[in-house]
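Residue numbers start at 1 and run along the sequence shown. Just follow the structure's listing: the first ligand is 1, and inside any ligand the first atom is 1.
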Amino acid sequence: MTEKLFLQTLKGKKTKQTPIWVMRQAGRYLKEYRQIRETQENFISFCLNPEKASTVTLQPITRFKFDAAIIFSDILLIPWAMNFNVRFKTGVGPLLDAIEKPNMFDKNCLKGLTEKLSPVSKAIELANLSLPETTTLIGFAGAPWTLITYIAEGGSSRDFKTARLWAWQHAKELDALLELITEATISFLSLQAASGVECLMLFDSWAGAVPAAHRDWLVTRPTSTIIKGVRKNGHQQPIIGFPKGFGDGLIRYAEESGVDAIGLDHETDPKWVDKNLPRNFPVQGNLDPLSLISAGPEMLRSIDYILESFHDRPHIFNLGHGITPSTPVENVQIMI
Ligand code: 1CP
């Protein structure tokens, strides 16, 4: 059997056909997702139900035949497993108990982490039983900085003020918390790698909030430590980094972090990327998810621009961020 398109691309090969998948492809824009989601009120329990999690992982593959499936879970499972009081409130999103200073934690919170997250491993095994031969299964985690923004703010945030203040006012304590989460992330990604995913992705969704002076400390170096840790545990799967909003920080990130590919947000010009990242460095992205709401000629032109910019570089087509719940499903087919 020839190797999957998606994996060939991550190894730096330009394939004739561009592989495609969509961030948050298993989610609320699908009626089959909403239907099964209704069967379980608690979102964490839903993520930790291997049958349900593997079923929703497969839904977008059945519908659209994407080249990759991403195991259904959430980046906030790590803080949950570290005993932060994580819950999801309908209409609001994630909520955590806000903490004043990043100094309230020690290594004890890592106890039992892999046992608590073992349902994800079971979901991976189940999903692998039903995935088409040509589809790659992706495992993932949130990067430490992005998780810290949720811990600091007690949920989603607009300006990430508390997390940024911690960096200036409580650097030492923040660094210790960063280290704990880094260790948890190595364990969780290694667990997923051992359970049968063929690719890993690290979501640093709020990397753009980090001041340029702190990019190495809070984003690039933790990513590098995580990748070295996963490799040290014997896992060789390619790793995609997604430092959303990182701008020109991508140049150093590509050189220093050790990721095999970079996910691009829609604010980044693909022509700039092609000019500034090393030749043959694989990229993923970066259509604006909101272009799918109307899916008109402007969307098609934007798709052409992205494909044309990366015509000479290994490229996985994707959005620049997650697909939104209000996207009409038929528009996804137009994009494909
Ligand atoms: O009730 C529901 O259905 C809640 C909606 C939902 C879904 C579908 C949440 C809550 N999480 C998920 C699944 C999810 N989350 C996946 C797997 C599904 C897939 O991609 O197909 C993945 C990869 C994530 C990752 C995730 N969760 C990120 C990183 C990606 C990104 O969008 O930047 C982040 C930031 C989260 C946090 C999160 N989870 C859910 C919500 C509402 C939020 C908050 C988002 C925010 O702060 O804006």
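- Checking Phe242, Tyr150, Phe203 against atom 35 (C) of ligand 1, the nearest heavy atom belongs to Tyr150.
- Counting heavy atoms under 4.0 Å from ligand 1, residue Phe46 does not touch it at all.
- The closest donor-acceptor contact from the side chain of Asp204 to the backbone of Val219 lies at 3.5 Å or more, if one exists at all.
- Under the rule for a ring pair (Phe, Tyr, Trp, His ring centres under 6.0 Å), the partners of Trp168 that lie at least two apart in sequence or sit in another chain are His214.
- Every atom of ligand 1 is numbered from 1 in the order shown, and the set under 4.0 Å from a heavy atom of His321 is 31 (C), 32 (O), 33 (O).
- On a distance-only criterion, Arg37 and ligand 1 share at least one N/O pair closer than 3.5 Å.
- In the candidate list Arg158, Gln59, Arg24, Met23, Arg24 is nearest to atom 28 (C) of ligand 1, counting heavy atoms.
- Using a cutoff of 4.0 Å between basic side-chain nitrogens and carboxylate oxygens, Glu51 and Lys122 are not scored as salt-bridged.
- Side-chain contact annotation: Asp248 with Trp272, donor-acceptor N/O pair under 3.5 Å absent.
- Geometrically, ligand 1 and Gly27 share no nitrogen or oxygen pair separated by less than 3.5 Å.
- Close approach of ligand 1 to Ser205 (heavy-atom distance below 4.0 Å) involves ligand atoms 29 (C), 30 (C), 31 (C), 33 (O), 35 (C).
- For the pair Arg313 and Phe281, the cation-pi criterion (under 6.0 Å, within 45° of the ring axis) is not fulfilled.
- Inspection of the Asn83 and Lys116 side chains reveals an N or O donor paired with an N or O acceptor under 3.5 Å.
- Considering Ile75, Val92, Ile44 only, the shortest heavy-atom separation from atom 25 (C) of ligand 1 involves Ile75.
- Of the protein's non-hydrogen atoms, the one nearest atom 8 (C) of ligand 1 is Tyr33 OH, 3.4 Å.
- Against a heavy-atom cut-off of under 4.0 Å, Phe72 is close to the following atoms of ligand 1: 8 (C), 13 (C), 17 (C), 18 (C).
- Polar contact with ligand 1: absent for Arg28 (N/O pair, distance under 3.5 Å).
- For the pair Asp216 and Arg221, the salt-bridge criterion is not met [side-chain N within less than 4.0 Å of a carboxylate O].
- Among protein heavy atoms, atom 14 (C) of ligand 1 sits closest to Ser73 O, 3.2 Å.
- Under the rule for a ring pair (Phe, Tyr, Trp, His ring centres under 6.0 Å), the partners of Phe88 that lie at least two apart in sequence or sit in another chain are Phe43.
- Within the cation-pi definition used here (under 6.0 Å to the ring centroid, within 45° of the axis), Arg28 does not qualify as a partner of Tyr33.
- Contacts of Pro94 with ligand 1, taken as heavy-atom pairs under 4.0 Å, involve the side chain alone.
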